[in-house]
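Everything below concerns the one structure shown next.
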Amino acid sequence: MKIVELIIDENDEFNGVEAISIVENPAIEEDFIALKDHKEIKLAEVSSEKKILMGPLLIPNKPIYRKSGEEEYYIYFSRDTVLKASQKYLKSGNQKNSTLEHQMNIQGLTLVESWIKEDKVHDKSVKYAMDVPIGTWMGTVKVDNDEVWDNYVSTGLVKGFSIEGYFADRLESPQEKGIKDELSENEEAEFLIQEVKQMLKGEELESYADYPEAVKNNAKRGIKLNDKVNNKCATQVGKVRAKQLSQGKALTLSTIKRMFSYLSRAQEYYNEGDNEACGTISYLLWGGKAGLRWSGAKLKELDQLKTILDDDNPCWDGYEMIGYKIQDGKKVPNCVKIK
């Protein structure tokens with residue numbers, strides 16, 4: 001499934017965010033909170049006081065699923081694009097542009113605060129227990145429309161913000177960006193198809209979370225290193241995987257296969273001494289060497305390793321075995337990329 005980065009074309013005056021919509025299911029999957037006198041209240045509470053909604057308007061590097069006709073894909077915005085979008089929105093004087101569920105223009109809603117989250121501890125969003133990443137465009141919207149507040153906010157019919165606007169797109173191809181971008185499009189699709197087939201058959205997808213602390217720590221380290229280079233390394237899949245591993249979340253068998261697939265062939269791009277190299281950061285995001293050892297052992301335990309490798313050629317497509325090498329004290333196939 002392709003991944004499309006949406007960007008702002010600075011030469012196109014019509015590019016950017018035109019309006020903020022209040023919706024039931026925000027694409028960025030983060031709800032706003034309703035504020036009264038700058039204190040958190042429940043959305044269902046009705047008040048005659050002036051109301052304010054607070055929440056993320058745009059989250060950087062957040063994969064958002066989209067479908068156009070028969071084509072399925074993901075879009076995302078970089079931190080730089082999020083910043084530009086927030087600035088251009090205000091410079092264009094669009095603070096009062098609001099819609100309901102992207103369908104109807106509504107009056108009485110004004111963006112009264114706008115900022116980019118830059119601190120994990122002292123940002124205002126933290127005070128209200130909103131766990132959003134650095135670089136998120138946050139905002140508070142004042143609601144001077146009783147009908148909207150009473151019929152939609154207080155009743156919980158709307159739960160978050162969603163932006164409206166025009167952006168240029170930049171197709172991000174894993175093959176073009178090299179091994180740092182994990183699996184090829186076809187491999188990723190194949191794993192996902194198998195998982196969906198199991199679900200359609202009514203089979204329960206078993207998951208496993210018995211990986212060691214070293215895997216979690218590698219993922220956490222990868223996240224920190226990637227943050228230092230402005231999150232330029234890895235695809236959205238890799239970033240989501242790192243968050244999953246760092247939190248100790250359970251992995252399905254399909255995910256473990258993907259983990260082993262990437263880590264097995266990307267070892268040559270891992271340089272422990274280079275903390276800015278995307279090959280190193282991407283490798284850590286997927287659990288690093290500890291992740292390779294665990295995923296291989298888990299697949300062997302589940303008798304699934306033979307579905308990844310075969311006896312005649314224990315290397316991946318595009319690689320050939322040239323003897324053996326010693327790795328972590330063990331004799332393993334030496335897989336070399338075919339030129």
Side-chain angles (χ1 to χ4, degrees), residues 61 63 120-121 131 133-134 174 177-183 187-188 191 195 205-309 314-316 319 324-335:
N61 302 312
K120 294 181 179 180
V121 178
D131 185 17
I134 296 296
K177 298 186 78 173
I179 194 70
K180 68 176 184 180
D181 273 342
E182 293 91 43
L183 306 175
E187 289 173 307
E188 179 72 19
F191 281 122
E195 205 164 87
L205 296 178
E206 291 189 50
S207 54
Y208 309 87
D210 57 341
Y211 42 87
E213 285 296 317
V215 175
K216 300 177 188 177
N217 292 336
N218 282 340
K220 291 177 181 178
R221 183 182 170 214
I223 292 172
K224 290 181 179 179
L225 292 178
N226 206 21
D227 190 52
K228 289 182 179 179
V229 294
N230 297 318
N231 278 300
K232 70 176 183 179
C233 300
T235 60
Q236 295 309 299
V237 174
K239 293 168 186 175
V240 169
R241 188 71 60 238
K243 186 174 182 180
Q244 194 176 22
L245 291 172
S246 67
Q247 295 175 352
K249 298 290 183 65
L251 308 178
T252 63
L253 177 59
S254 177
T255 298
I256 297 173
K257 287 181 178 180
R258 276 176 276 178
M259 183 177 181
F260 182 73
S261 174
Y262 168 64
L263 293 173
S264 294
R265 65 185 182 189
Q267 298 176 75
E268 62 181 294
Y269 297 92
Y270 175 68
N271 181 352
E272 195 168 348
D274 190 348
N275 292 331
E276 294 185 355
C278 280
T280 299
I281 293 174
S282 294
Y283 205 75
L284 290 171
L285 291 174
W286 278 79
K289 291 183 178 179
L292 175 61
R293 289 192 293 270
W294 175 80
S295 58
K298 177 57 67 175
L299 291 173
K300 186 175 181 180
E301 172 191 325
L302 299 173
D303 197 26
Q304 290 289 321
L305 196 58
K306 61 185 179 183
T307 66
I308 302 291
L309 304 173
C315 298
W316 306 103
Y319 289 74
Y324 290 86
K325 62 181 179 180
I326 302 299
Q327 180 177 302
D328 295 329
K330 297 180 181 179
K331 183 179 178 182
V332 297
N334 180 35
C335 297

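Nothing here was measured: the structure is a model prediction, and the numbers come from that model. The residues of the chain are indexed from 1 along the displayed sequence.
Applying the side chain to side chain donor-acceptor pair (under 3.5 Å) criterion to K249, with sequence neighbours excluded, gives Q247. The side chain to side chain donor-acceptor pair (under 3.5 Å) test applied to N275 returns R221, not counting sequence neighbours. Partners of Q244 by side chain to side chain donor-acceptor pair (under 3.5 Å), not counting sequence neighbours, listed by chain and number: R241.
Judged by distance alone, the side chain of T280 and the main-chain N or O of N271 form a donor-acceptor pair under 3.5 Å. With Y208 contributing its side chain and L253 its backbone, the two residues share no donor-acceptor pair below 3.5 Å. Remark: side-chain polar atoms of S282 are not paired, donor with acceptor, to backbone N or O of G279 under 3.5 angstrom.
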**Request:** Would you sort out whether R258 and S261 count as a side chain to side chain donor-acceptor pair (under 3.5 Å), showing the intermediate values?
**Result:** CA-CA 5 Å; R258 276 176 276 178; S261 174; over 6 Å; no

**Request:** Please step through side-chain contact (heavy atoms from CB on, under 4.5 Å) for the pair N218 and Y283, ending with a clear verdict.
**Result:** CA-CA 9 Å; N218 282 340; Y283 205 75; over 6 Å; no

**Test side-chain contact (heavy atoms from CB on, under 4.5 Å) applied to I256 and W294, step by step** = CA-CA 9 Å; I256 297 173; W294 175 80; 3.7 Å; yes

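Counting heavy atoms from C-beta outward, L284 and Y270 have side chains that approach closer than 4.5 Å. Between Y211 and K298 the shortest side-chain heavy-atom distance does not fall below 4.5 Å. Contact of the S246 side chain with the I223 side chain is registered, since non-hydrogen atoms from C-beta on lie closer than 4.5 Å. The side-chain heavy atoms of R293 and K289, taken from C-beta on, include a pair separated by under 4.5 Å. For the pair L245/L251, a side-chain contact is recorded, criterion being any heavy-atom separation below 4.5 Å from C-beta on.
For E276, the CD atom sits in a loose shell: 12 or fewer heavy atoms of surrounding residues, nucleotides or ligands are nearer than 6.0 Å.
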